[in-house]
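This report concerns only the one structure given below.
For clarity, every value in this text was computed on a predicted model and none was experimentally measured. All ligand and atom numbering here is 1-based and tracks the order in the structure.
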Amino acid sequence: MILVVNSGSSSIKFSLYKNEDNKIVKITQGIAEQIKVKGKVSISYNQNKYEYDIDLPNHKIAIETILTKLDDLNIIENIADIKGVGYRTVHGGSISKSSLIDDSVLNKLNESSKLAPLHNPPALLVIEKFREFLPNAKHVACFDTAFHQTMPKINYIYPVNYDWYKNYGVRKYGFHGISFNYINKKYEEIVGKTKTNTIVCHLGNGASLCSTKNGKSFDTTMGLTPLAGIMMGTRCGDIDPSIINFMASTLKKDVAQINDMLNNESGLLGVSKVSSDIRYIEDGYRNGDELCLLAIELYTQKIANFIIQMANQQEGKVDAIIFTAGIGENSATIRKKVIDKLFLLNVKLDELKNEASYSDYLKISSDNSGVEIYKIRTNEEIMICQDVISFL
Ligand code: AMP
């Protein structure tokens, strides 16, 4: 059995898979949340949902509780049956592929913690604890940054003092790589081609675009950190960097506080003043709310601008534009508004297919579109699971 773990500062999401005759089957999934606050564990198994209110004062107890509950519910007979654990790890610095966790990988993760202070420290803590509980399993770190290590220098160097890159690693890393990798493989499987040029819009609460050239990441919108690029649920995306200094002195706050506001109070939430969730903003927009209209127009314009830039980098030879993640998979309004803003590309949306329900994926461009358009459901967990299996 393989356990896939995605941890945050107060939660651990997990799913358990088995590999039968080279077919990966999901057995169960769940979450331990409100760690350090209160504590709750939920596990879905065999169409049932089991929920427990349990004190979870730290990550160690949360992990212990998850393993005990899996045992109590007879989902696993023996925790030693878990042969591999895969961890979604946000920042792997310059590591280019999923890696078996040893001291050198842990050191690199520690180094990358300063670039992802919200994400890497809890992941490290969780890795440490699972290694204690499952000493004989293979532990594999899968990085959101790894897929983008193929980007050419011209796309990852910032126009600042070159010493910042050489001495401090200040460069574009990019994120959501596990999702982009999955989507690209899926698209190539659907169309039966390899080495494709795609522009993938991963539009979730966090959101970024990736352009692939010959099947490899060529450019992406997030940067040194996941704050850059398009506007997101609560993050601002690209802005004039001087705003930070200006607002710090205006509001008498320090840079860290302004950074926090740009991460948590900006983007769709900041502009709409309603919510970071596009569903509520779309409701406001339909009811004529001016700021909701502005938020949606701004959001879709930013995405369209990057698509055009990426198409230019691909010398116009774009095979497909693909929408994925919470908003990309589910919001027909956002997809249509983005496509409607792509004047320099020969793209034609099939509006019925854009609105249609689907299971894994659906082509939503019309037959006379010069570029294919798809909505594809992402599956980061299965990518992590496959990577772990490759180490077993
Ligand atoms: P993710 O980070 O991929 O889980 O995406 C979360 C976001 O997706 C939410 O904040 C919503 O804005 C959006 N979302 C989720 N479900 C739907 C839906 N059914 N329709 C429209 N947007 C959705």
With a 4.5 Å limit on heavy-atom distance, are the side chains of Y374 and Y187 in contact?
yes
With sequence neighbours excluded, what pairs up with E128 under the side chain to side chain donor-acceptor pair (under 3.5 Å) test?
none
Do T378 and K186 have side chains that get closer than 4.5 Å, going by heavy atoms?
no
Less than 3.5 Å apart, which donor and acceptor atoms pair up between the side chains of residues 288-299 and the rest of the protein, not counting sequence neighbours?
unit_1	atom_1	unit_2	atom_2	d
D289	OD1	L291	N	2.9
D289	OD1	C292	N	2.9
E297	OE1	K341	NZ	2.7
E297	OE2	K337	NZ	2.6

What residues sit with at least one heavy atom under 4.0 Å from ligand 1?
G204, N205, D277, I278, R279, A325, G326, I327, N330
Between T89 and D144, do the side chains contain an N or O donor and an N or O acceptor separated by less than 3.5 Å?
no
Tell me every residue that passes ring pair (Phe, Tyr, Trp, His ring centres under 6.0 Å) with H91, counting only those two or more places apart in sequence or in another chain.
Y173, F175
